[in-house]
Undergrad: 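The structure's right below; bear with me while I get my questions together.
Keep in mind that this is a model prediction, so the values were computed, not measured.
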Amino acid sequence: MPAVSSSVGSGAAGAAIFAGSASRRYNYFEPRGKRATHYEDVTCDVQPDPERYLIQDWIISFNNGKGAYTKDNTRAQSSNWHAFRAPDQEWERTHYQRQSKIETMVQSVIANARKAGAPRAFDRAWIKILQTHLGAWKHAEFGLGTSLMQAQRYGYTQMINNATLTNASYKMRLAQDITLYLAEIGMDIDGWDDEAGKRAWLEDPVWQPCREAIETIMGAEDYLEQYFAINLIFEPLVGELFRSGFLMQAAAANNDFITPPVISAAEADYERNLANTIDLMYLLATDNRHAEANRALMSAWIGKHATLADKAAAALQPIWSQPHSKPVSFEDVRAVSHERVGRILGELGLSR
């Protein structure tokens, strides 16, 4: 067990015995596996905590007396916030490396496609869909990324903050990729309208319920509510529905072989973010002291955000009828999304 200030009363070197005090590996935490991973070495206990090793209490506090990190930034409760380890084990170096590889791939795809004149072969109806609806979707990704950037500041541990911040970074990268992609292919297409996406996001009735769902998430004051709502509710019900269920399915049938690889990285991003979120929420939903209260809290989050996500998804239905070639129906894709969210929540012992 880690030492606490009340049990030691001193911050002097050697005053307390910690988990790694006798080890030459200098670990002051219990690794999840037999040995600590590189991710754990550079992430665990980087952030100070008076309940563990910061015997002299918080070094920096706000003028209201609270320390730099507080547990009441969320209504969820945990017996040990430091137990969380992100399954993707992403930290600063690995995150930059992965993002760099994705950007290199995306830019290569776009450059090679433009050299081959691919954008000029797009079906005319599909061109309108890209400039209007993919152009609108970049604002959705930006909104989710902004919400996660806000949420990561309030996490109680470095491990939670890392997982939330990398999630935000993926979203902001995708919003940037879509923006640059549309701008580049627009140079090859006569009559391209760069402002169509923004107008649709602000004015088109198809997108207003999506705006409402995202702005509700952005307005939530509980950072774990934001994290939960994005990855366990909005993404499977709306994000995957539009990206995988429409863009990835319909693009090739309308002579577009560029959009799928640009969007595909986002689906891989989501699998990582989903695994991280489920792992954290599972710890809370099975906590030996707070499980019941946490599950009740999560059920309230589901009731609030699933209703808005369902409304947002239903409003997008007209988009499925706009391409000349329609390889998949909205009803089939919607059924898949409902099954998907049911499986996700089922892993936590929750349901809609």
Side-chain angles (χ1 to χ4, degrees), residues 106-107 109-144 171 173-214 234 237-267 309 311-334 336-337:
V106 169
Q107 291 305 311
V109 166
I110 296 172
N112 290 333
R114 290 189 64 205
K115 285 179 183 178
R120 287 188 288 273
F122 289 176
D123 181 87
R124 297 305 300 177
W126 186 251
I127 289 174
K128 185 175 181 181
I129 288 168
L130 290 180
Q131 69 180 12
T132 302
H133 300 302
L134 181 55
W137 183 253
K138 71 181 180 184
H139 297 283
E141 295 288 350
F142 180 82
L144 296 173
K171 289 296 180 187
R173 187 210 72 233
L174 179 58
Q176 172 184 276
D177 285 345
I178 294 172
T179 301
L180 295 175
Y181 168 55
L182 295 179
E184 291 196 42
I185 64 172
M187 291 189 288
D188 300 332
I189 300 173
D190 293 336
W192 182 266
D193 184 355
D194 280 322
E195 296 296 317
K198 181 178 180 180
R199 288 197 304 272
W201 181 249
L202 294 175
E203 302 169 8
D204 192 333
V206 164
W207 287 103
Q208 300 321 295
C210 189
R211 278 186 63 195
E212 180 184 9
I214 292 175
F234 186 88
L237 288 177
V238 185
E240 281 191 317
L241 178 88
F242 183 70
R243 292 191 307 263
S244 294
F246 180 68
L247 293 172
M248 300 282 285
Q249 297 283 344
N254 291 276
N255 300 328
D256 175 7
F257 297 93
I258 316 175
T259 301
V262 173
I263 298 299
S264 64
E267 304 312 279
K311 182 180 175 184
L316 297 179
Q317 182 174 9
I319 300 176
W320 267 252
S321 65
Q322 293 178 13
H324 285 143
S325 180
K326 306 172 180 61
V328 64
S329 72
F330 175 81
E331 290 74 17
D332 290 343
V333 174
R334 187 83 182 278
V336 171
S337 73

Undergrad: Answer yes or no: is there a side-chain heavy-atom contact under 4.5 Å between E331 and Q317?
TA: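 E331 reaches Q317 side chain to side chain.
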Undergrad: Would you sort out whether T132 and Q322 count as a side-chain contact (heavy atoms from CB on, under 4.5 Å), showing the intermediate values?
TA: CA-CA 11 Å; T132 302; Q322 293 178 13; over 6 Å; no
Undergrad: Would you tabulate the side-chain donor-acceptor contacts of residues 119-129 under 3.5 Å, counting partners in other chains and residues two or more places apart, or write 'none'?
TA:
| from | atom 1 | to | atom 2 | distance (Å) |
| --- | --- | --- | --- | --- |
| D123 | OD1 | H324 | ND1 | 3.0 |
| D123 | OD2 | A125 | N | 2.9 |
| D123 | OD2 | W126 | N | 3.4 |
| D123 | OD2 | H324 | ND1 | 2.9 |
| W126 | NE1 | D256 | OD2 | 2.7 |

Undergrad: Give the C-alpha distance, both sets of side-chain angles, the deciding distance and a yes or no for side-chain contact (heavy atoms from CB on, under 4.5 Å) between W137 and R243.
TA: CA-CA 9 Å; W137 183 253; R243 292 191 307 263; 3.8 Å; yes
Undergrad: How long is the straight-line distance from CZ of F246 back to CG of L134, given to the nearest 0.5 Å?
TA: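 One finds 10.0 Å between CG of L134 and CZ of F246.
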Undergrad: About how many Å separate CG of D177 and CD of Q107, when rounded to the nearest 0.5 Å?
TA: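 Taking CD in Q107 and CG in D177, the distance rounds to 7.0 Å.
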Undergrad: Is it the case that the ring center of W207 lies less than 6.0 angstrom away from the ring center of F242?
TA: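 Yes.
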Undergrad: Once side chain to side chain contact (heavy atoms under 4.5 Å, CB included) is applied, do any residues pair with P327, and if so which ones, sequence neighbours excluded?
TA: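 Side chain to side chain contact (heavy atoms under 4.5 Å, CB included) check on P327 returns A250, A253, S325.
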Undergrad: Classify the side-chain pair E195/Q131 by whether it contains a donor and acceptor separated by less than 3.5 Å.
TA: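 No donor-acceptor contact under 3.5 Å links the two side chains.
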Undergrad: Might you point out which heavy atoms bring R114 and E184 nearest each other, and give the distance in Å?
TA: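 Looking at all heavy atoms of both residues, the closest pair is NE-O, 3.4 Å.
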Undergrad: List the steps and the verdict of side-chain contact (heavy atoms from CB on, under 4.5 Å) for F257 and V109.
TA: CA-CA 10 Å; F257 297 93; V109 166; over 6 Å; no
Undergrad: Can you tell me how far CZ of F330 sits from CD1 of I319, rounded to the nearest 0.5 angstrom?
TA: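 Going from CD1 on I319 over to CZ on F330, the span is 9.5 Å.
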Undergrad: Could you tell me whether F142 atom CZ has more than 12 heavy atoms of other residues or ligands within 6.0 Å of it?
TA: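 Result for CZ/F142: open.
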Undergrad: Hey, what do you get for NE2 (H133) to CG (L247), rounding to the nearest 0.5 Å?
TA: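 So the gap between those two atoms works out to 10.5 Å.
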Undergrad: Please identify each residue that fulfils side chain to side chain contact (heavy atoms under 4.5 Å, CB included) with Q249, with sequence neighbours left out.
TA: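 So Q249 forms a side chain to side chain contact (heavy atoms under 4.5 Å, CB included) with V328.
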Undergrad: Specify the closest pair of heavy atoms between V206 and P318, including all atoms of both residues, with the distance to one decimal.
TA: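 Where V206 meets P318 most closely, the heavy atoms are CG2-CG, 4.3 Å.
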Undergrad: For L237 and A309, which heavy atoms make the closest approach, and how far apart are they?
TA: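 Smallest interatomic distance, heavy atoms only, reads CD1-CB, 3.8 Å.
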Undergrad: Report the distance from atom CD1 of I258 to atom CD1 of I185, rounding to the nearest 0.5 Å.
TA: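 Those atoms lie 6.0 Å apart.
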Undergrad: Between R211 and Q208, does any side-chain donor sit less than 3.5 Å from a side-chain acceptor?
TA: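 Result is yes, a qualifying pair exists.
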Undergrad: If you look at every heavy atom in R173 and A265, which pair is closest and at what distance?
TA: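 Nearest pair, atom of R173 first, then A265: NH2-CB, 3.6 Å.
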Undergrad: Go through it in stages, so that I can follow the logic: the residues are F234 and I214, the test is side-chain contact (heavy atoms from CB on, under 4.5 Å), and I'd like the CA-CA distance, side-chain angles, deciding distance and then a yes or no.
TA: CA-CA 8 Å; F234 186 88; I214 292 175; 3.8 Å; yes
Undergrad: Taking all non-hydrogen atoms of both residues, which atom of A313 and which atom of V238 are closest, and how far apart?
TA: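 Closest heavy-atom pair between A313 and V238: N-CG2, 4.2 Å.
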Undergrad: Say you draw a straight line from OG1 of T259 to CG of L130; how long is it, rounded to the nearest 0.5 Å?
TA: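 It is 4.5 Å, given to the nearest 0.5 Å.
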